[in-house]
Amino acid sequence: MPAAPGVRSALSRSLDRAIVIVAVLSALLILTTIGLLPLGGPAGLLLAALPLIFGIYVVAGLIAWRRRPSNGLGFLILIAGLMVFIGGVANTEVPVLLAIGAIGATLALPAMVHLLLAFPSGKLPDRLSRALVVVLYTASLVLQAPEYLLDPDGSYPPFAIADAPGAVAVFGILQTLVATAVMLVVAGVLWGRLRRADAAHRRVLIPLFSYGIFTVLFLPLIAIALDRVFHVEPAVRGLLQFAAVAGIPIAFALGLLRGGFARTGELEELGTWLGTADAAKEPLAAALARTLGDPTLRLFFWAEGQGGLLDEGGRDVSVETVADPRRGWQPIVLDGRSIGVIDYDAELLADKELVHTAGRIVAIAVDRDRLTAELRASQTALRRSRERIVEAADRERRRIARDLHDGLQVQLVLLALEAQQIATAPPPRVPERATRLRIDIDAAAADLRALVRDLVPAALVERGLTAAAEDLADRMPIPTEIASEIDDGALSHVVEATTYFVLTEALANVVKHAGATIARVRLGLDDGRVRLDVEDDGVGGASIEAGSGLRGLADRVEAIGGTISISSPPGRGTRVWAEVPCG
């Protein structure tokens with residue numbers, strides 16, 4: 001994560017200095033060792049390869065350390081290189097180095113296996129991995145001891161306490177068999193991890209684990225087949241071993257470049273970037289992903305008003321859809337309230353405290369982005385609400401037009417025809433037909449009044465909300481109790497109409513769907529808001545999203561700044577309550 005131009009955190013500068021020191025010391029160690037090795041003989045090139053292989057490990061380890069300081073893998077690469085180096089110093093003529101080389105002659109193998117099994121978190125993930133590493137380190141130290149303790153002509157004669165060539169041979173064969181058996185198990189473990197990995201991780205693991213499987217199988221094959229069966233020259237066998245061991249850090253470097261070690265920098269670097277980068281910087285989720293080294297990282301925000309999760313675009317995110325046992329879930333808290341979560345790869349980022357610290361650093365920025373996401377979500381909801389209101393208005397206009405065309409218009413046409421026939425009817429029948437025409441005209445007028453009442457109830461227009469609600473309750477087919485604290489004429493027409501239509505829809509649902517024996521209505525005025533509460537003792541199971549009626553009312557209420565909610569547990573009745581601002 002680069003900071004703003006020209007800005008480097010103190011921790012980042014300190015890390016750079018430490019890396020430079022390790023690199024310089026390693027270079028001096030390599031040059032010193034090359035100077036101490038007898039390079040004049042036929043095996044001189046092979047001997048010189050050992051410190052150079054150590055250099056390859058140092059370079060790969062420092063790159064991994066620089067890209068992910070909190071991950072132990074860079075350190076493990078350096079340790080593996082050091083074990084390779086220890087195995088090679090036995091070729092010098094310095095007594096101390098000869099002793100060190102005799103003891104650690106085979107430590108490169110368990111260090112290499114440790115490195116492979118700890119990828120990518122830097123920690124051994126399970127008991128089997130830990131057991132394999134412990135067995136290999138033990139075999140390399142304990143079973144190697146007879147080589148210098150029981151052989152006066154062995155790798156370091158001053159350590160010899162007895163002369164038992166038979167025991168040395170037995171322990172050598174045992175060491176080879178143990179190492180071979182463990183290597184076979186390690187190859188199986190790596191293959192299993194490769195098969196279980198998803199596509200994103202497999203892209204990184206294939207080059208590393210493929211070469212790792214080849215190496216852990218090839219090294220025992222060299223020891224058994226080339227040395228004990230085919231009796232290949234030691235120089236050739238050593239060259240093949242060195243080539244295989246040298247390829248391990250190269251495979252790790254390839255994994256690094258393909259995304260396995262995305263650079264983290266120090267978390268202070270992230271803080272510096274947040275404080276200095278301009279408004280055109282990359283999105284916060286991308287910054288966190290780059291900083292923590294997890295390209296699959298996702299950032300979600302808690303929407304306080306909706307009680308759910310939003311992504312950066314303000315879209316709703318279901319908790320069930322993002323839940324994955326292989327992923328971590330780190331809440332981000334600011335001033336005691338949860339404002340977001342970091343969804344990350346728990347296998348790649350085994351250090352939960354690192355993610356927690358990163359969340360604390362970016363909390364203020366997350367809160368800012370959360371508000372932006374909520375604004376986008378509210379804009380989206382408002383747009384959809386307006387679309388539904390327009391659609392509802394269109395449907396209502398079509399319904400009115402259909403009722404007028406199919407009902408009232410037909411009645412008027414028939415009345416006109418009847419009036420025309422009366423004009424030509426015999427005089428004795430005129431009174432009878434005129435009476436029937438009057439009855440039909442009254443029926444058409446009644447239909448017209450009913451249509452107008454459905455659009456704007458007369459009781460609501462003439463007497464106010466409370467009277468209209470009482471009139472509606474009187475016409476209910478089930479007992480309906482009503483209690484109102486609102487004085488007629490105290491509310492605007494828009495507030496009265498909105499509240500009344502919520503009430504009519506709620507009571508219509510009670511009649512049509514609830515199977516209730518009683519309904520209760522309460523109207524109140526509190527803190528500048530009209531509160532409507534409709535409750536029944538029916539079957540429950542209602543939902544705003546289940547039908548267009550309450551959904552349309554919710555849009556109408558929300559359009560003037562109100563809210564509508566519903567509680568309808570199955571078998572326990574339904575309660576609908578709405579709040580509409582008087583202003």
Side-chain angles (χ1 to χ4, degrees), residues 56-57 60-61 63-64 67-68 71-77 79-81 108-137 178-222 240-241 243-264 289 292-298 323-328 343-351:
I56 295 175
Y57 275 86
I63 292 175
R67 284 179 169 253
R68 176 170 286 170
N71 189 294
L73 207 52
F75 176 74
L76 288 179
I77 296 176
I79 292 299
L109 187 62
M112 182 185 66
V113 170
H114 189 175
L115 188 60
L116 286 168
L117 293 178
F119 185 85
S121 66
K123 298 179 181 179
L124 296 171
D126 49 49
R127 292 182 178 178
L128 177 59
S129 299
R130 290 191 288 270
L132 291 172
V133 170
V134 169
V135 169
L136 269 181
Y137 274 116
V178 171
T180 302
V182 171
M183 289 301 200
L184 290 174
V185 177
V186 169
V189 170
L190 296 179
W191 177 250
R193 290 187 189 178
L194 193 58
R195 291 186 60 188
R196 291 192 300 270
D198 55 29
H201 291 88
R202 194 175 292 126
R203 174 178 173 271
V204 178
L205 295 179
I206 282 178
L208 178 60
F209 280 6
S210 297
Y211 187 80
I213 293 171
F214 162 76
T215 304
V216 297
L217 294 178
F218 183 62
L219 290 179
L221 177 64
I222 292 176
L240 292 175
Q241 287 178 324
V245 172
I248 289 292
I250 296 175
F252 271 91
L254 182 60
L256 180 153
L257 295 176
R258 290 172 67 85
F261 293 96
R263 178 186 182 273
T264 64
L292 294 175
D294 179 8
T296 68
L297 181 145
R298 294 176 293 178
D324 188 333
R326 295 175 298 179
R327 300 190 64 80
D343 176 45
Y344 64 94
D345 185 345
E347 296 179 357
L348 187 63
L349 295 174
D351 187 358

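Side chains are part of it too, since the values below use all heavy atoms of this structure and drop only hydrogens, waters and symmetry mates.
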Item checked: Any residue meeting side chain to side chain contact (heavy atoms under 4.5 Å, CB included) with A187, in chain and number order, not counting sequence neighbours -> I213, V216, L217
Check: Between A111 and Y137, which heavy-atom pair has the shortest distance, and what is it?
Finding: CA-OH, 3.5 Å
Next item on the list: State, to 0.1 Å, how close L116 and R193 come at their nearest heavy-atom pair, and which atoms those are.
Entry: O-NH1, 4.3 Å
Item checked: Value rounded to 0.5 Å, distance of CD1 in I248 from CD1 in I77 -> 10.5 Å
Note to self: Once side chain to side chain contact (heavy atoms under 4.5 Å, CB included) is applied, do any residues pair with V178, and if so which ones, sequence neighbours excluded?
What the structure shows: V135, A139, L143, L174, V182
Checklist line | Gap between atom CG of L117 and atom CE of M112 - 0.5 Å precision | finding: 10.0 Å
Notebook entry, point to check: Can you name the ring-ring contact (aromatic ring centres under 6.0 Å, His included) partners of F214, sequence neighbours left out?
Noted result: Y211, F218
Item checked: Test item: D343 and T296 side chains (from C-beta on) under 4.5 Å apart, heavy atoms -> no
Item checked: Pairwise side-chain contact, H114 with L136, heavy-atom cut-off 4.5 Å (strictly under) -> no
Margin query: Could you report the tightest heavy-atom contact between L124 and R130, atom names first, then the distance?
Written below: O-NH1, 3.4 Å
